[in-house]
Amino acid sequence: MIAEVIVDINHSNVDKVFEYLNPDNIPIGSRVYVPFGRQYIEGFIIGQKQTPDYDFEKLKQIIRPLDEVPVISNEMLALMRFMTERYNLKKVDALRLFIPAQMRGGRIKALTKNYVKVKSGLSKGDIFDIINPRAKSQIELMEYLLSCEEEVESSYINNNFSSAPLRALEQKGLIEIVSKEIKRTPYKDIKAKNEIFSLTSEQLNAYDTIKNARDQIFLLHGVTGSGKTEIYIRCINDCIQNNKTAVLLVPEISLTPQVFSLFKSRFGDNVAILHSGLSTGERYDEWRRILKGEASIVIGARSAIFAPLKDIGIIIIDEEHDPSYISENNPRYFTHEIAEFRRRYNKAVMILGSATPSIESYYLAQSKKVHMIEMPNRINQKPLPKIKIVDMTQELRRGNHGIFSLELIDCMSDALREGDQIILFLNRRGYASYQMCRSCGYVVKCSDCDVSMVFHRAENALKCHYCSKRSHVLKVCSQCGSEHIRQGLYGTQRVTEELEKLFPDVSVLRMDNDTTRTKDAHLKILKDFAEHKAQILLGTQMVTKGHDFSDVTLVGILDADLSLYFSDFRSTERTFQLITQVSGRAGRDQKEGLVILQTYSPRHYVYKFAQNYDYLGFYQKEINIRSVTKYPPFSTIIRILACSEIEENAIEVLKNIYDEIKPLTERDRERFLYLKAMKSPIKRIKKKYRVQILMRLTADGVDKNLAEIYNIINKNNDKKDVLVYSEINPQDLS
Ligand code: ADP
Ligand code: ZN
Ligand code: ZN
C-alpha cells in the first residue's frame with residue numbers, strides 16, 4: 001500500500017499530499033517519521049492507495065510510526081477537509097489543532113516509574129535455594145520484597161538497599177523491573193459538594209425535551225441563575241449511560257475550579273479537562289485518556305472541541321454568544337461550525353446555552369432550524385436586579401468631570417457601609433486611553449501602528465495595545481510645546497486611583513489583562529474577592545462572566561458606550577450581552593441587587609431593552625436592522641486583508657484580487673450583496689499597512705463562490721512580501 005502523507009511543515013509550498021511506501025501497513029491517522037528532502041520529519045498519514053500518482057521507483061519509505069496507535073480518527077480527517085475548505089487553512093494547520101502541541105517533535109512523553117516485583121510462579125523454597133546463603137544483602141532485600149503485597153518503587157529500593165543486590169537478584173531471574181505510567185491528572189485532590197437537586201418544573205420541561213432527542217440542536221435560552229448547569233449534567237449523564245461521549249465547552253475565563261469540582265464530583269475520573277492553565281504534562285495525559293476512551297466527558301475552552309472523542313452523543317456550548325468561541329488568530333475558525341460538523345457526523349445532540357443568545361443563533365431558533373427552550377425564571381425566584389440609567393452628559397453639565405456619577409458614589413457609599421460588595425465594570429484597561437495636547441490637539445500615536453498610545457501609570461509609560469511598543473509619557477507637547485496635556489478617557493488603573501481617593505479605607509481588586517498575565521492570576525483575584533479580602537472588584541469584561549458572589553449587591557457599569565461604537569456589526573449586541581451579564585452578578589443571594597449604568601447616549605435603544613431585560617424586544621429591533629442592512633444572519637461577511645510594510649505593494653496585490661473577484665459578482669448579482677476595496681480602519685499595525693476587501697454574500701452565494709475566492713487569494717498571496725488572509729464574519733473589523 002502507498003500512504004498519503006501530510007508533512008508537518010507550515011509552508012504553502014508543501015501543503016499537499018506526499019506519497020510514501022508503507023510496507024508495514026501503518027494505519028491511516030498515524031503520525032509517522034518520514035524522509036523528506038535531505039532530512040527526516042514528522043507527518044500524518046491521511047489516506048492510502050494501491051497505485052501511486054508519482055513515479056513508483058522514486059518513492060521513499062516511511063521510517064516508523066511515532067505513536068502506539070493512530071491519533072487522528074476518520075472523523076477528524078473529515079473535519080480537516082471541512083476546515084481547509086471553509087477557512088482556507090493548510091491541512092497541517094488543521095491537523096496541528098487535533099493533537100497537543102508538545103507531541104510534535106517528541107517534546108513530551110508519558111511519565112513512567114519503575115517498580116520491582118518478585119517473579120511470579122516461584123515458591124519461597126525455590127528462591128532461597130538459588131540465593132547464596134552468604135549473600136546477606138540479597139537475602140535481606142528478597143525478604144523485604146516477599147513481605148510486600150505489591151510491587152515496590154525502584155527508587156525506594158535504591159535509596160534503602162544498595163543497587164548491587166537488586167542487580168544480582170535480577171540477573172538470577174528472581175525479580176523483574178516493570179515500568180508503569182503515572183497519570184498527571186489536573187485537580188486531582190479537588191473536593192466538591194455533591195448536591196443533587198430535584199429539578200424545578202422549568203428545568204424538568206427543558207430536560208424532558210432534550211432527553212429523548214437525537215440528531216438535533218437546542219437553544220437553551222435561560223436567564224442567569226435559571227439552573228442551566230443542572231440540565232447539562234443530566235443530559236451528559238444520559239449520554240454516558242448510552243455509552244456515548246460528551247463535550248461541554250465553556251469560555252476560558254469561566255473555567256474555574258468550582259466548575260471542575262462540580263463535574264468531577266458527579267462523574268469522577270470519567271471527566272477530562274482541557275484548558276490553557278494546565279501544565280503540558282497534564283494536558284498531554286488528559287488528551288491521551290480521552291484518546292484511549294478512559295475519559296468520556298470533556299470539559300474545556302474553545303479548543304476542546306477538537307478532543308479525540310469517539311462516538312459523541314452530546315455537545316454543549318455554554319454562554320454560546322461569547323466572543324471567545326471565535327478564533328481570530330491563525331488558524332481562524334468558529335467553534336459553532338466545528339461543533340456542528342462533529343454533531344452531524346455523530347448524529348448527536350447539541351445544546352447552545354445562554355441568557356443572551358447571539359442574534360444569529362436566536363434567528364435559527366425562530367426559523368425553526370434549532371429547537372428553542374426558554375427558562376425565563378431564576379431558580380430562587382429572585383427578581384433580576386433593577387438597572388438604573390444615569391445620563392453622564394447631565395453630570396458634565398453639573399460640573400462633574402469625574403468617572404463616577406453622584407448617584408453611583410452615593411450607592412457605593414451605602415453598599416460599603418452595609419458591608420456589601422461591589423463590582424465595577426469598565427471595558428478599558430490602562431490608565432487613560434490617550435494623552436492629548438489641549439492647545440493643539442496632538443495625540444501620541446504608536447510609530448508602528450495607526451492607534452493612540454495608552455498611558456500606564458504603574459510603569460509611567462505609554463504603551464501600544466496592538467504591538468506592545470512603549471514610549472515616554474508626554475509632559476510637553478512635541479508639536480507645539482504646550483504644557484497643557486489632558487488625560488483622555490479613564491482606564492481601569494486610573495479608576496483604581498480614583499477609588500482610593502474616594503474611599504481610602506476600602507480595598508480594591510483590579511482584574512484586567514495587565515493584572516492577570518500569570519497563570520491562575522484571575523482565579524486568585526476571584527478567590528480573594530469571594531473571601532472578602534476586598535470590597536470592590538473592578539475590571540474589564542473578565543468581571544462580567546458567571547462568577548457567583550452572594551454578597552455583591554451593587555454593580556456599576558462605568559462607561560456602557562465603550563463597546564457600542566466599535567467598527568463591528570455586532571457591537572450593539574455585544575453591549576446588550578455585557579450589560580445583562582454583569583447585571584446578573586448582583587443580588588444573587590438574599591439581598592436585592594442594583595445596577596447603575598452610566599452612559600453618554602442614554603437614548604440609545606440598547607439601554608431601554610437592557611434595562612427591562614427585554615431580550616426578545618432587543619432581538620426584534622436588531623434583527624430588523626440586520627435584515628434591512630443585509631448583515632448576518634442575512635448574509636455572510638468575508639474580509640480579505642492584504643498587509644505589507646510597503647503600502648503600494650499591499651494596494652497593488654489587493655487590487656489584483658479585487659479585479660479577479662469583480663467578474664464573479666457580475667456573474668452572480670443575486671448572491672453578492674456587497675463588494676468594496678478600501679483602507680482598513682486601522683491603517684497600520686506592527687509597521688504593516690493594511691488594506692482590505694469587504695464583501696457580503698448570501699449563504700448559497702458562499703457555498704457557490706468560496707472555493708473560487710480562496711483560489712484567487714492563494715494565487716496572489718506571498719507576492720512582493722504582501723501577506724493576504726481572509727476572515728469569515730470577523731468580530732473585529734478594525
Ligand atoms: P445558570 O447557569 O442558568 O446561570 P446555574 O446552573 O449556575 O444557573 O444555577 C444557579 C444556582 O441554582 C446554582 O447555585 C445551582 O446550584 C442552583 N440550582 C440549580 N438547580 C437547582 C434546583 N433544581 N434546586 C435548587 N437549586 C438549584
Ligand atoms: Zn500641542
Ligand atoms: Zn503599536
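No hydrogens, no waters, no symmetry mates; every other heavy atom, side chains included, goes into these values. Indexing begins at 1, ligand by ligand and atom by atom, following the structure's order.
A donor-acceptor contact shorter than 3.5 Å is absent between the side chain of Arg574 and the backbone of Arg570. Between the Gln203 side chain and the Gly227 main chain, a donor and an acceptor come within less than 3.5 Å of each other. For the pair Asn612 (side chain) and Lys608 (backbone), a donor-acceptor distance under 3.5 Å is present.
For the pair Lys686/Glu645, no side-chain contact is recorded, criterion being any heavy-atom separation below 4.5 Å from C-beta on. Residues Ile557 and Leu424 form no side-chain contact, since every pair of their non-hydrogen atoms from C-beta on lies 4.5 Å or further apart.
Using a non-hydrogen distance threshold of 4.0 Å, Asn380 does not register as a contact of ligand 1. The closest approach between a heavy atom of Ala355 and any atom of ligand 1 is not below 4.0 Å. Residue contacts with ligand 1: Ser226 is included, with a non-hydrogen atom under 4.0 Å away.
Contacts between Thr229 and ligand 1, counted as non-hydrogen atom pairs separated by less than 4.0 Å, involve both the backbone and the side chain. Neither the backbone nor the side chain of Met375 has any atom closer than 4.0 Å to an atom of ligand 1 (non-hydrogen atoms only).
The Zn ion (ligand 3) is the vertex of the angle joining SG of Cys464 and SG of Cys446, which measures 110° to the nearest 10°.
Between Gly227 and ligand 1, an N or O atom pair is found at a separation short of 3.5 Å. For Glu230, no nitrogen or oxygen atom sits less than 3.5 Å from a nitrogen or oxygen atom of ligand 1, counting backbone and side chain alike.
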Run the side-chain contact (heavy atoms from CB on, under 4.5 Å) check on Ile359 and Ile623 step by step: do they pass? CA-CA 7 Å; Ile359 297 288; Ile623 200 79; 3.7 Å; yes
